[in-house]
Amino acid sequence: MDFELPDDIKEFCDVTRDIVRDLLPHEIEFQETGVVPPIVRQTLVDNGYFGMALPEQYGGLGLGALAQAAVQIELARLPPNSGPNCAR
């Protein structure tokens, strides 16, 4: 059995890891104010993270469950209330 992620999912995870790395310096502002900096939310929106499961025909990324789970692992490095699964 092959438990390796497909190359396209690996690449998306790499891109996500880079985006998260670039956003992590904004965590200080979040910790001080309790408000997600607009740049964090906008970056995630602009890169499609709020529409990962939506079909492409409706403006989403059309990712399957495996890709979503792999990407969520990378997004989990962000503060809890800043990612696409937050209620704010």
Side-chain angles (χ1 to χ4, degrees):
M1 227 184 256
D2 182 14
F3 291 104
E4 288 292 317
L5 291 173
D7 288 340
D8 59 333
I9 294 176
K10 284 182 188 178
E11 289 174 22
F12 194 56
C13 287
D14 290 343
V15 169
T16 303
R17 189 175 307 117
D18 292 342
I19 289 171
V20 168
R21 185 190 63 236
D22 292 344
L23 294 176
L24 280 175
H26 298 284
E27 182 176 0
I28 295 168
E29 181 181 346
F30 172 74
Q31 294 299 328
E32 291 173 354
T33 65
V35 176
V36 176
I39 186 72
V40 173
R41 175 73 47 101
Q42 195 59 50
T43 299
L44 295 173
V45 168
D46 290 347
N47 287 283
Y49 293 102
F50 282 81
M52 289 191 295
L54 293 175
E56 291 180 43
Q57 67 196 48
Y58 297 114
L61 297 179
L63 298 182
L66 178 62
Q68 290 179 60
V71 168
Q72 287 293 345
I73 290 170
E74 299 302 332
L75 291 174
R77 295 175 42 224
L78 289 171
N81 291 326
S82 60
N85 291 328
C86 67
R88 284 189 189 177

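All values reported here derive from a predicted model rather than from experimental measurement. Only this structure's heavy atoms are used, side chains among them; waters, hydrogens and symmetry mates stay out.
Cluster annotation: Val71 is not connected to Leu54 through the hydrophobic network of ILVMFWY side chains, with a link wherever side-chain heavy atoms come within less than 4.5 Å. Tyr49 and Ile73 are assigned to two separate hydrophobic clusters, defined by single-linkage of ILVMFWY side chains at heavy-atom distances under 4.5 Å. No path of Ile, Leu, Val, Met, Phe, Trp and Tyr side chains, each step under 4.5 Å between heavy atoms, connects Leu61 with Ile9, placing them in separate hydrophobic clusters. Cluster membership check: Phe30 shares its hydrophobic cluster with Val40, using side-chain heavy-atom separations under 4.5 Å among Ile, Leu, Val, Met, Phe, Trp and Tyr.
Remark: side-chain polar atoms of Asp2 are paired, donor with acceptor, to backbone N or O of Glu4 under 3.5 angstrom. The closest donor-acceptor contact from the side chain of Glu74 to the backbone of Arg17 lies at 3.5 Å or more, if one exists at all.
When Leu23, Ile39, Val36 are each tested for a side chain to side chain contact (heavy atoms under 4.5 Å, CB included) with Leu44, only one passes: Leu23.
Considering every non-hydrogen atom in both Thr43 and Asn47, the closest pair reads O-ND2, 2.7 Å. When all heavy atoms are compared, the tightest approach of Pro25 to Asp22 is CD-O, 3.3 Å.
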Next item on the list: Report the C-alpha distance between Gln42 and Val45 in whole Å, list the side-chain angles of each, state the deciding distance to 0.1 Å, and finish with yes or no for side chain to side chain contact (heavy atoms under 4.5 Å, CB included).
Entry: CA-CA 5 Å; Gln42 195 59 50; Val45 168; 4.2 Å; yes

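Residue Cys13 holds its SG atom at 11.5 Å from CG of Asp18, rounded to the nearest 0.5 Å. With values rounded to the nearest 0.5 angstrom, Asp14 atom CG is found 11.0 Å from Ile19 atom CD1.
At a threshold of 4.5 Å between non-hydrogen side-chain atoms, the residues Glu27 and Leu24 count as touching.
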